[in-house]
Amino acid sequence: MRIVVCIKQIFDPETIKISRSQQAIDERGARKIMNPPDRWALDAALRFKEADPSIEVIALSLGEPEVEDVLREALALGCDRAILLSDAAIVKARTAGLAQIIAAAIKRLRNVQLVMTGHMALDTGSGTLGPRLAIELGDWPVLLSVDQLRLEHGHVTGLQYADEKYYDSSYPLPAVATVLQTPEHPRYPHGAEIINAYRVRNVEIWSSLALGVDPTALPAPTTGRQLRLPPARQMGFIVEGSPQEAAQTLVAMLRARRVI
Amino acid sequence: MDLSFLEQLLGASAEEEEGYRNIWVVAIAWEPHLRPCDLQVIGKARNLADSLGAYVNVLLVGDNASEDLARELIAYGADAAFWGAGYPTGRSLRDFFEKHKPEILLFADAAGGRKMAPRLAQRLKCALVTHAADLSINAEERSLVVAAPIYHGAAYRVVECKANPQIATIQAGIFPTPEYDSWRSGDVEEVELVWKPQPPLTPVEPPEYYIPLQKADIIIAGGRGLRGSGWQLIEELAAALARRLPHKAIALAGSRGAYDEGWIGPQQMVDLTGHTVAPALYVAVGIRGTFQHFGATEKARCIVAINHNPDAPIFKHADYGIVGEVEEVIPALIEVLDS
Amino acid sequence: MDLTLPKEYDLLRQMIRDVMENEFAPVAEEADEKAEVPFDAIKVAAKAGLFGIPFPQQYGGSGAGEMGYVILMEEVSRVDSAMSTVVGAHIGIAAMALYVDGSHALKEKYLTPLAQGTKIGAFCLTEPGAGSDAAAIKTRAIRSNGHWVINGTKIYISNGPFADLFSVLAVTDPALGARGGVTAFVVEKEMGTKIGVIEKKLGIRASSTSEVIFDEVEVPTANIIGQEGLGFVTFMKTLDLGRVTVGAASLGGAQKALEMIIDYARLAEKFGMPLAHQQQVQFMIADLYSDVEMLRGLVYRTAWLVDNHRPFAREAYVCKLRGSEIASKAVSYAMEIHGVLGLSRDYPLERSFRDARIAEIFEGTNEIQRIIIARDLLKEVGVHIEP
């Protein structure tokens, strides 16, 4: 059977700068990396392959030709194949269209039993690709934000995380799983595999034409307006009131800032 | 409330011809009560509807959905509530909304909505903005303008929806839970959707990880100010946070002072002479704040200081400070977190 | 002319940096304190191929050449210079000797486990009477019944206490000396090598250095690296290559010190303003940055010369000489700026300071490097100076 892992290339959130004067994110000098949660998804897929060598793991990404770098990294980590969906139409596609073209590629691959990806893209904060793909693939079940994935008896099983709780969940294959990032570091690629990923191995480039899909057929359903920056960090704010009042205000403020 | 005058307003718009109208909210009753996150969405929907001249309709699903809960939705601000006990299949949910044609469709960014919203959006081939932190209406275009965080909240991307239905999921805890108003009235109707069996979901113990300080999302750090039972208190605070946020990696640490006192090991010391950390939240309890301590924590996204001494330098380097006795502030915090 | 590195090197650097920051950085201080080699982290590094980066994949390496090796040493040293000594002794000289002159069979048997990191190597040249003066060695190998029997003591052997394989230089014909009478052998620990005194060191404490004693150690003839009598040439070629990477390791150390200086200057306030606002601090930063960039250009160009089979020996001497000096200067600037904090045993700068000094000493002291560079230049204009 085949497992497809969908990988996104993003700017490393650690290397981007916020320009207050431009009201924009300054991406100059920022590094492009594999979206970290996708790396955990890839690691889980490669563990399945280690347990059952008949499993073929295929990394798939989409976008500009430079996205190839994350696919080379996926090859270095141990994927059997890497496919880049790239042409002028694909680059213009947005959410619903993207899911369509990725699903078309997955269908073209045949015998794909499991599609995995990270639980979210750290740049946009969005985690909708998995559920969207599931629809395009023909209403496959989705394991959302899952840890400790297992494949057994034709089912994919794991701990789904939702609303601060974990649930043991299991769905029959074929299925889609979006994988949580955990504190355990995923594997490192071997030096030789890194060299081979560039010098020996290939990233297959597929076009929307070849897949028979026009990803721009769906109109862009949203337009970006501008960037809004959170207020500049002000240090030294003292929360007043009795201990109980201060505690309540503080927790509300922390929640509003999304730190808890 | 007579809203017939709004019909005229709506009649003039292009959307009316297509038949897209009203704001819809999908609420879920996993338990025999309503979720605060759903109520917050209804409260926000109410605001938007008033500026748009539209109704707020709520679809309540889930095992525990009932007419009583649907009535409660009215009291919290819905104009009409539709309910059905069970989990609708994706197709029947799509059919439902294709029939009712919402102009705007909102979900709480929580269990249920997180899976349902993108699946529905894909079936309808339309856009979806997730984790909305702010919503407003562009009245001219009758379009929803949504701000959603990018790069861990370093900035907010503001997008404007261009096609109906305009779908968004809204973060919990951003908008206030609306007041319960038992005088409000509205239609309550049971709907017949196609239900699918939902396997019983029982929470299990969260997996355990060894969390080095560098990988912690939240660090609770103590300093010399924690005499007597103080250290036990910050352990309890960490446990309370862990109960609330089991997926977050929470670690206990200490200042150079705590290390010198022998309360922590060297692997737990946050200081330029120990470890430099960058958690989302760093809580310094009873730490005065040396320059070396500040240097080791400045990459934290948010710093909270709790100290009895209002002149402690730590307050200058903290986003939020509480001046008070640790023995009073920490139990109060634990109580708020557990409520 | 394209001076950008091919992209595989970017990914290689990223991988090495990840391994160093995740696996070594958290244990480096404790390893230094206890003078213990961090073997758990070394196992992870070996699994990622860090012990065979330059060698061909045919022999278990990564096939990344000298360029890959230079990147490795720079990144390793940026986090943990003791580890760069472990890696440098293992790859740069012990395994490199096998690689430059070993037969195919010998490489298959010994280079492969070294490159895979399943065995650790040590390079045995220095003796009590022969330091940078390599031709003066006394360790003796005598032919006997189709074997060679080695007797002698090697000192200051990096990785000595835990190495499985030793590249050893021994005299096989005293009459010929360095010109045809010295042979290189690869010796297994199991053949009977003994560990002598383990050094207690000022710096690079998490690497382990000891005497290695050869007392009637029987070595098969097949274990001769290259040809009998030409061991001196093998070892000198190996050391030439090693020098490039001492420069690379110094580059990593200097880069780290520069980063620490900039960070501290930004944070610390003196006389009511951040140190960064003070001009003498700015001068230090600018001077150091210039040195580091100059060194970077030199080290990378020399690696390129090696990979493209051009002569590189003189450049390699300069890499080692200037690299070690710049690294020492960088940490002493850092000490100066950090004040008392720099002396704290708990602040990593103190470790960098102790670690930096060794680069001016090992693999030929800087005085020797200067003499060789000068003689090499003078030779071009007809001035021959005999030792």
Side-chain angles (χ1 to χ4, degrees), chain A residues 13 16 18 25 95-96 99 122-128 131-132 134-136 139 142 144 147-148 159 161-168 182-184 218-230 233 235-239 243-244 246-248 250-251 253-260, chain B residues 90 110-111 114-115 118-119 122-123 125-131 145 147-163 173-174 201 203-204 206-207 209 211 215 244-247 249 280-281 301-302 304 315-324 328-329 332-333 336-337:
Chain A
I16 56 153
I18 303 170
I25 287 196
T95 44
L122 290 191
D123 54 351
T124 59
S126 165
T128 59
R132 280 183 180 273
I135 295 298
E136 290 298 323
D139 215 351
V142 185
L144 205 62
D147 183 18
Q148 301 189 353
L159 294 183
Y161 175 74
D163 292 355
E164 276 95 43
K165 288 192 182 71
Y166 285 89
Y167 301 91
D168 218 342
T182 60
E184 280 161 11
L218 300 171
T222 58
T223 50
R225 293 229 303 192
Q226 79 273 36
L227 221 51
R228 195 187 297 167
L229 297 181
R233 194 167 172 177
M235 297 297 226
F237 181 85
I238 299 290
V239 185
Q244 284 71 25
Q248 259 177 4
L250 177 69
V251 169
M253 285 168 141
L254 295 179
R255 263 197 220 131
R257 264 180 77 164
R258 277 171 66 82
V259 288
I260 60 170
Chain B
R114 227 174 250 159
K115 199 184 277 189
R119 290 176 66 107
Q122 189 67 23
R123 282 182 204 276
K125 301 283 180 283
C126 65
L128 161 68
V129 188
T130 56
H131 311 303
V145 180
I150 57 173
Y151 293 111
H152 293 303
Y156 290 81
R157 182 176 52 126
V158 182
V159 298
E160 186 166 346
C161 299
K162 283 290 169 201
I174 298 256
L201 286 178
V204 293
Y209 296 103
I211 302 159
K215 288 191 180 166
R244 225 194 141 74
L245 311 158
H247 175 52
L281 173 63
R301 258 171 52 214
C302 180
V304 170
F315 286 120
K316 274 191 231 129
H317 295 304
D319 297 78
Y320 308 113
I322 295 181
V323 180
E328 291 174 10
V329 177
L333 269 174
V336 175
L337 287 169

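Convention: sequence-line order gives letters A, B, ...; per-chain numbering from 1. As the structure is a computational prediction, the values presented were derived from the model and not from experiment.
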Inset, instruction - Return the option, out of A111(B), P203(B), C126(B), A280(B), with the maximum number of heavy-atom pairs under 4.5 Å with chain A. - result: P203(B)
Inset, instruction - Just give me the residue among I16(A), I135(A), V259(A) that pairs up with chain B most often, heavy atom to heavy atom, under 4.5 Å. - result: I135(A)
Inset, instruction - Check whether any side-chain heavy atom of Y151(B) sits under 4.5 Å from a side-chain heavy atom of T124(A), and report yes or no. - result: no
Legend entry - Proximity breakdown for A147(B) and chain A, heavy-atom pairs closer than 4.5 Å: side chain
Legend entry - Residue list, salt bridge (charged side-chain N to carboxylate O under 4.0 Å, His left out) with R157(B), at least two apart or on another chain: none
Legend entry - Atom group of R255(A) that falls short of 4.5 Å from chain B, counting heavy atoms: side chain
Inset, instruction - May I ask you to name which of G324(B), A332(B), A155(B), G321(B) has the most heavy-atom pairs under 4.5 Å with chain A? - result: G321(B)
Inset, instruction - Could you tell me which of L122(A), D139(A), I18(A), L254(A) has the largest number of non-hydrogen atom pairs under 4.5 Å with chain B? - result: D139(A)
Legend entry - Nearest heavy-atom neighbours spanning V129(B) and A148(B): CG1-CB, 4.1 Å
Inset, instruction - Identify which part of L250(A) has an atom lying under 4.5 Å from any heavy atom of chain B, answering side chain, backbone, both or neither. - result: side chain
Legend entry - Derivation of the side-chain contact (heavy atoms from CB on, under 4.5 Å) call for T128(A) and Q122(B): CA-CA 10 Å; T128(A) 59; Q122(B) 189 67 23; over 6 Å; no
Inset, instruction - Could you tell me which portion of I260(A) (side chain, backbone, both or neither) has an atom closer than 4.5 angstrom to a non-hydrogen atom of chain B? - result: both
Legend entry - Main-chain N/O of S126(A) paired to H131(B) side chain as donor or acceptor, under 3.5 Å: no
Inset, instruction - Report the option among I174(B), T130(B), I150(B) that has the most heavy-atom pairs separated by less than 4.5 Å from atoms of chain A. - result: I150(B)
Inset, instruction - State, with a plain yes or no, whether a side-chain heavy atom of F315(B) is found less than 4.5 Å away from one of I238(A). - result: yes
Legend entry - Engaged part of K215(B) at the chain A interface, taking heavy atoms whose separation is under 4.5 Å: side chain
Inset, instruction - Give, as side chain, backbone, both or neither, the part of L159(A) having an atom under 4.5 angstrom from any heavy atom of chain B. - result: side chain
Inset, instruction - Determine the interplanar angle of the Y166(A) and Y161(A) rings, folded into 0 to 90°, and report it as parallel if under 30°, tilted if 30 to 60°, perpendicular if over 60°. - result: tilted
Inset, instruction - Before accepting this row, confirm whether a basic side-chain N of the pair R301(B)/D319(B) lies closer than 4.0 Å to the acidic partner's carboxylate O. - result: no
Inset, instruction - Answer with side chain, backbone, both or neither: which region of I25(A) has an atom nearer than 4.5 Å to a non-hydrogen atom of chain B? - result: side chain
Inset, instruction - May I ask you to test the V145(B)-V158(B) pair for a side-chain heavy-atom distance under 4.5 Å? - result: yes
Inset, instruction - Give, as side chain, backbone, both or neither, the part of Q148(A) having an atom under 4.5 angstrom from any heavy atom of chain B. - result: side chain
Inset, instruction - Pick whichever of M235(A), R132(A), M253(A) has the most heavy-atom pairs under 4.5 Å with chain B. - result: R132(A)
Inset, instruction - Check salt bridge (charged side-chain N to carboxylate O under 4.0 Å, His left out) between D123(A) and all other residues, then give those that pass, not counting sequence neighbours. - result: K8(A)
Legend entry - Part of C161(B) within contact of chain A (heavy atom distance under 4.5 Å): both
Inset, instruction - Using a cut-off of under 4.5 Å on heavy-atom pairs, state which of E328(B), R244(B), K316(B), E160(B) scores highest against chain A. - result: E160(B)
Inset, instruction - Could you check which of H317(B), K115(B), R119(B) has the highest count of heavy-atom pairs closer than 4.5 Å to chain A? - result: R119(B)
Inset, instruction - Using a strict 4.0 Å threshold on nitrogen-to-oxygen distance, state whether E136(A) and K125(B) make a salt bridge. - result: yes
